[in-house]
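Heads up: the structure comes next, in structure tokens.
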Amino acid sequence: MANERDAAAGSGGSLVFAVNGERFELPTVDPSTTLLAFLRSETRFKSVKLSCGEGGCGACVVLLSKYDPVVDEVKDFTASSCLTLLCSINGCSITTSEGLGNIKDGFHPIHQRIAGFHASQCGFCTPGMCVSLFGALVNAEKANRPDPPPGFSKLSVSEAEKSIAGNLCRCTGYRPIVDACKSFASDVDMEDLGFNSFWKKGDSKEVKVKSLPLYNRNGDICTFPDFLKKEICSSMSLDPTRYGWYNPLRVEELQNLLKDNDFDNANEMKLVVGNTGTGYYKELKRYDRYIDLRCVPELSIVKKDPVGVEFGATVTISKVIESLKKKDSGGSPSRGGDVSKKIANHMEKIASGFIRNTGSIGGNLVMAQRKCFPSDIATILLAVDSEVDIMNGARSETVMLEDFLKRPPLDPKSVLLSVKIPNWEAVRKVSPETNTMLLFETYRAAPRPLGRALAYLNAAFLAEVSFGKISNGIMVDHCRLAFGAYGTKHAIRARKVEEFLTGKVLSPGVLYDAIKLVRDVVVPEEGTTSPAYRSSLAAGFLFEFFSPLIDSESCKGFLGNTLLADASKLRRNKSATDKMRTVLSSGKQVIELSTEYDPVGKPITKSGGLIQASGEAVYVDDIPSPKNCLHGAFIYSTKPLARVKGIKLEPKSHPGVTALISFKDIPKSGENIGSKTFLGTEPLFANDLTEWAGQRLAFVVADTQKHADMATNFAVVDYNMEDVDPPILSVEDAVKRASFFEVPPFLYPKQVGDISNGMAAADHKIISAEIKLGSQYYFYMETQTALAVPDEDNCMVVYTSSQMPESIHSTIAKCLGIPENNVRVITRRVGGGFGGKAMQSMPVATACALAAHKLHRPVRIYLNRKTDMIMAGGRHPMKITYSVGFKSDGKITALELEILINAGISIDFSPLLPKNIVTALKKYDWGALAFDIKVCKTNTPSRSTMRAPGEVQGSFIAEAVIEHVASTLSIEVDYVRSVNLHTSHSLDLFYEQSAGEPLEYTLPLIWNKLSMSSSFNPRSEIVKEFNRCNKWQKRGISRVPILYEVSLRPTPGKVGILSDGSVVVEVGGIELGQGLWTKVKQVTAFALGSIQCDGSGDFLDKIRVVQSDTLSLIQGGMTAGSTTSETSCEAVRLCCNILVERLATLKGRLKEQMVSINWETLIQQASLQDVNLSASSYYVPDSASKAYLNYGAAVSEVEVNVLTGQTTILRSDIIYDCGQSLNPAVDLGQIEGSFVQGIGFFMLEEYSENSDGLVISEGTWTYKIPTVDTIPKQFNVEVLNSGHHKKHVLSSKASGEPPLLLAVSVHCATRAAIKESRKQLLQWGGLDGSASIFQLDVPATMPVVKELCGLEAVERYLEWIVGRE
């Protein structure tokens, strides 16, 4: 039987494919191996990165090319290599970013433009971005379009922007990446392209075009090599005995395989097409056999006829979209075609392009049916009465999709064969002549407009309507209303609502009754998040669909006239508007260059930008594994407080496991220490008692990372809850049980003024108002990682991605009980940090070192995203209670606060938070300021520093107070902000040491300048007019200031000049993507250039900054607080000054002998004359310049959809004072990226926990950082070059963290829009209480915004209309 099965599976060849033109043939492979795992472990191509492992970030995107010998055609498409199974690419060619270009063969124009537009910071996401864009370019060339001008592609601007819509970036804020993509588009307006290194301000269009790196449309990149074409045969089946991979070529073969006795155990067999479902439903077990359905012709058909279109189950979603969008031959598109196009347009919002390219329509529906996946496809196809064909054994049947979804989960051996979508023009006889019309719309409410996010609810409505002459209104003849993804097992038809509406003439009363019925039908299951919001979406979408057809003057404000023709036109306009809103507008960047310290001040491209784009930049996980290397994974607690009796691994579930390391394996001379600060420590592992959910219990060590991760999934932890106190899981619990961390007096901030006098002077008071702020996850693209290699003489070398290598060094030494000179920690670059690679990187590196020490073998780890998110801790949540006194004109006289900070279980850096909060809070003149701040110890993960720790919360508290005061007085909030801005006198009072000279206080200048440059006042009036004219969209605009105090820390540096004149630099600071190396190179070139040799050329080309090595350069400290770049620069400048002083003496002597002395000659002579060409320094800032203030302001305008709660950021304008910028391009990138990360905190990112404090936001499905479609549509930034700061490092100022606080302008603008919505809700009688006094939570997600706008706003409106009639 087995022989027959193998024969049925095909002739059985070997796995052959190409990567970047190189041939690979594998005699055997584990069938569960992914393409990503193979590329990273078995090839030299490391540009494909593992970040989420879910197909949700784009870091692992490759171009996958298939050749069809019948038509001699190559099909190219992007794919997520972390989900693509290696056996599925047999006969295919793979192109990665290295294959586009590299340092040896020359870089591709994509790489050059990404670098030139300053579009790469940490660089971890950049290769994936490049491949996504390349895929779009390749496919655009195949389109039947006119040839573009030389140097451009056939891509449109919209396509160029959307090419990277599925790729995540945490650093840049996307704007420069989008500009690099748009530069290839044939219809690009060169004026729309932002700041770059290719042209200067004022250059003509012709000069700009010539300045761009030339793109050759017919370039020499062959995506499918000729040698592989010759090996392609009609059948590329694999030998199933070697690969466990079956390729049935006919339905009969598939049937034989499924009925084979060897496949009786369904747990060992898996049917696959694109394998994209594993991005959502993680594979926790290993399958022995895979059946690839793609070669079965009956499952890959696309068959169109007058009745409809049939898609085989394995047809990819991308191909379905393409087919549905194609016009039928002859004639214009029918109304039925309009239905098809709307289905296709909705499908484009499902996942990302690189998922749709491999994911199948059948797979999506089967997941919906079998596993209750919240599918959009199921909902929209349900509304058009689609059918499915199912094969069970030898029997096939056709059933309605609705019935298919209602059935019990599909048997593992049953196969969905095809999906049939009817052509509605043929099915329903509708025409203008009969005064009937077919209407179809699809809807989805999701955190991201372009998709790549599960919907809170999706819907699709199809209705046949006619104009009733007698009734003089629109009658619903038939309708189909489908709803899904709202917290139900599967999409449903709202039959009761359909029956109610059929035969009725639409009116406000009828629609009101229909909406009441919808609420009874669309009821989320218990445990669904935001259930009331989801039900309100159903009501809102039904209202939006039918309201244009209601003959009521009162409804014109929503969607226009009632005539059918106008309704049809309106729907077309709506589609065009929706499409327009997904496309970014341009932004402008205003930068003032300085040549005082040339080349410091020049906007040179980021050091390493090109190799980051090509994927050749080496991160920790790119370092090849040493021989006999093992891999680790953590077992963590799921209980907040419990005794751990034991940990077991199921014997059958952990192949390759070598050891289980716990606190018991720590050497007797060592300590159970995982991280430490000057304030305290945290244990590496729990001992007998676990104190928080997510605490490290043990470290599994196995032969591969996959085996280590899988073993942890099957670990069984035996807990004992007896005689254990209840855990402290909230700040309220901590207060009740007096569980606090002590804040040393020198860290606690000072109060300002007399609070009693301030309150007594007030005309009005607000007493005990409350604010709650949640956490935020770092979402660095590179998760925590380390490699520990045992060395001679009981030494340990550790490669880590860390912001604190020095602390890791001492932590490892303490844990292992060895001297610190036996440990060496190396950090080259970090794939994103934001504070998360400081404390949280220590236990990861220490655990690897402990395992390597015990096993005498190298051990490495790369945390999967879920574990990283559970263990990371993130930003500090807090509860704030405030009382404020103020005058009738809005001038505040006193502010008193009680703040409870949730620090988690360990002290970390949490005692620094009170000072940081108060420092940012003091941006306004409060008159008097008093506070009581407690740092609470709870049984939750330790919270750690995250970009602007405490400052972002403090700044928000200040704005919340200002908003509350303005609402109470019913005066403009911008006026209240203005009257409470500091004068130079009050600034000195509140900031004492850091206020600086009066000339340095640039905020009043920025405040007024921004008002003019952003047209704040005229736009405010336009917003008011817009709100008067629109009921269901409301706009808000807000202007906010920031003051941000930073402090400089001591930093070491070392500069060496080699015999050929090249320069090597070491600094204490770590390159995180913030451009530290770039600025250091510039300062080195400036400082050494002062020797003024003849013909020395560009000094920058002679300088290399090298990795951090804790034995080579000690006292490196930590890279944090936004100032490490400038202190590293100053440390290097001190070194250079020493070298210049040594060389100047020699140069003076040589000048007496030589007419001309170039740099190389000078260094050659210095070497011969034994001049010391190495210098080190330790920069210690003096007290006068140690702390200083940063200033900035932002104006943001948003539009809120009252029906869904979706907030669109229409425009943001920023002015930020960088002093005399060391590199304006780098600082601009920091400003934009920081601002967008702030948008994430204020508007999108929910870092949720369960009732035990265990994080349940575990990946890209549940945690939404900003994407290209959620940033401001117009994004204008001015880098103010004030130059008043002579006491600072070359007159510069910090840029990394302060701009994040400006994102509160988006939150405040959203609040203003909600306020307008609540005013009309109050008019309709749907609001109890004030329209203007309310608390807008952080983040202001769609459910939060919608709730404040009114969950029953539609019903209240219709009641109001009916009442008026």
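Residue indices begin at 1 and follow the sequence shown.
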Task: Distance-only polar pair, side chains of Glu98 and Ser47, donor-acceptor under 3.5 Å - done: yes
| said: Please evaluate residues Gln1164 and Ser1059 with respect to the criterion side chain to side chain donor-acceptor pair (under 3.5 Å), reporting the C-alpha separation (whole Å), side-chain torsions for both, the decisive distance (0.1 Å), and the verdict. | reply: CA-CA 6 Å; Gln1164 193 176 43; Ser1059 60; over 6 Å; no
| Do the non-hydrogen side-chain atoms of Arg1133 and Leu1290 ever get within less than 4.5 Å of each other? | yes
**Worked check of salt bridge (charged side-chain N to carboxylate O under 4.0 Å, His left out) between Glu1071 and Lys1079** = CA-CA 11 Å; Glu1071 177 58 60; Lys1079 290 180 175 179; over 6 Å; no
When rounded to the nearest 0.5 Å, the distance separating CG of Leu787 from OH of Tyr799 is 7.0 Å
Exactly one candidate in Ile808, Thr811, Asp908 meets side-chain contact (heavy atoms from CB on, under 4.5 Å) with Lys676; the answer is Thr811
Val701 and Ala851 have their tightest heavy-atom pair at CG2-CB, 4.0 Å
Looking at Asp105 and Asn102, would you say the former's side chain and the latter's main chain have a donor-acceptor pair under 3.5 Å? no
Scanning both residues in full, the closest heavy-atom pair of Val825 with His809 reads CG2-CA, 3.7 Å
What one should report as the nearest heavy-atom pair of Thr605 and Gly116 is CG2-CA, 4.0 Å
Check your understanding: For residues Asp1227 and Ser1221, is any side-chain donor paired with an opposing acceptor at under 3.5 Å?
Key -> yes
*asked:* Distance alone, cut at 3.5 Å: any donor-acceptor contact between the side chains of Thr1124 and Thr1119?
replied: no
Does the Glu1066 side chain pair with the main chain of Ser1108, one donor and one acceptor, at a distance under 3.5 Å? no
- Task: Take Gln612 and Lys606 through the side chain to side chain donor-acceptor pair (under 3.5 Å) test and state the conclusion after the steps.
- Result: CA-CA 10 Å; Gln612 285 177 186; Lys606 183 180 183 297; 3.0 Å; yes
- Query: Would a distance-only check, ignoring hydrogens and angles, find a side-chain to backbone donor-acceptor pair under 3.5 Å from Thr867 to Leu863?
  - Reply: no
- Can Ser607 and Thr1078 be counted as having a side-chain donor-acceptor contact under 3.5 angstrom? no
Can Ser942 and Glu682 be said to form a side chain to side chain donor-acceptor pair (under 3.5 Å), step by step? CA-CA 9 Å; Ser942 298; Glu682 180 176 293; 2.6 Å; yes
All heavy atoms of Ala788 vs all of Met796, minimum pair found to be CB-SD, 4.1 Å
Answer yes or no: are there more than 12 heavy-atom neighbours, outside Lys46 itself, under 6.0 Å from its atom NZ?
-> yes
Exercise. State, with a plain yes or no, whether a side-chain heavy atom of Phe1086 is found less than 4.5 Å away from one of Phe1099.
Key: no
Note, Val844 side chain near Ile861 side chain (heavy atom, < 4.5 Å): yes
**OP:** Can you establish whether the number of heavy atoms outside Leu1058 located under 6.0 Å from its atom CG is more than 12?
**Re:** yes
### Query
Does NZ or CZ of Arg947 fall inside the cone over Tyr778's six-membered ring, less than 6.0 Å from its centre and within 45° of the axis?
no
Per salt bridge (charged side-chain N to carboxylate O under 4.0 Å, His left out), Asp621 is matched among Arg828, Lys49, Arg40 by Arg40
Could you check whether Arg829 makes a cation-pi contact with Tyr619, meaning its NZ or CZ is under 6.0 Å from the centre of the six-membered ring and within 45° of the ring axis?
yes
**Asked** Would Phe634 and Tyr636 satisfy ring-ring contact (aromatic ring centres under 6.0 Å, His included), going step by step from the backbone distance to the final call?
**Response** CA-CA 6 Å; Phe634 287 106; Tyr636 52 81; 9.1 Å; no
Side chain proximity check, Arg943 to Arg875, heavy atoms < 4.5 angstrom:
no
For the pair Gln803 (side chain) and Ala1120 (backbone), establish whether a donor and an acceptor sit closer than 3.5 Å, ignoring hydrogens and angles. no
- Message: Using a 3.5 Å distance criterion without hydrogens, assess whether the side chain of Asp1109 forms a donor-acceptor pair with backbone atoms of Leu1111.
- Response: yes
Hey, is the main chain of His631 close enough, under 3.5 Å, to the side chain of Asp703 for a donor-acceptor pair?
-> no
Is it true that Arg860 and Ser625 share a donor-acceptor pair across their side chains at a distance under 3.5 Å?
yes
In terms of heavy-atom contacts, Ala845 and Ala786 come closest through CA-CB, 3.7 Å
* Establish, from distance only, whether the side-chain atoms of Gln1230 and Gln121 form a donor-acceptor pair under 3.5 Å. => yes
- [ ] Establish, for the pair Lys837 and Tyr780, whether the NZ or CZ atom is under 6.0 angstrom from the six-membered ring centre and no further than 45 degrees off its axis.
- [x] yes
Rounded to the nearest 0.5 Å, the CG atom of Leu36 sits from the OG atom of Ser51 at a distance of 10.5 Å
**Prompt:** Would a distance-only check, ignoring hydrogens and angles, find a side-chain to backbone donor-acceptor pair under 3.5 Å from Asn1223 to Ile604?
**Reply:** yes
Min side-chain heavy-atom separation Cys815-Ile812 under 4.5 Å: no
Counting only heavy atoms not in Lys1054, do more than 12 sit closer than 6.0 Å to its NZ atom?
-> yes
Could you tell me whether the side chain of Ser1128 and the main chain of Ser1125 form a donor-acceptor pair under 3.5 Å? no
Residue pair Thr785 / Glu782, side-chain heavy-atom distance below 4.5 Å: yes
Discussion item. For Lys602, is there an ion pair with Asp598 - N to carboxylate O distance below 4.0 angstrom?
Written reply: yes
Tightest non-hydrogen contact, residues Ile114 and Ala613, listed as CG2-CB, 4.3 Å
Q. Is there a donor-acceptor pair under 3.5 Å between the side chain of Arg865 and the backbone N or O of Met781?
A. yes
| request: Could you check if a side-chain atom of Arg1049 sits within less than 4.5 angstrom of a side-chain atom of Thr1127, using non-hydrogen atoms only? | output: no
*Could you verify whether a donor N or O on one side chain and an acceptor N or O on the other, from Glu1130 and Thr1051, lie under 3.5 Å apart?*
no
Open item on the list: Looking at Ile1114, I want to see if its CD1 is surrounded by more than 12 non-hydrogen atoms of other residues, nucleotides or ligands under 6.0 Å.
Closed with: no
### Side-chain touch Ser97/Met129, heavy atoms, less than 4.5 angstrom
no
Donor-acceptor check, side chain of Glu1297 to backbone of Phe834, threshold 3.5 angstrom: yes or no? no
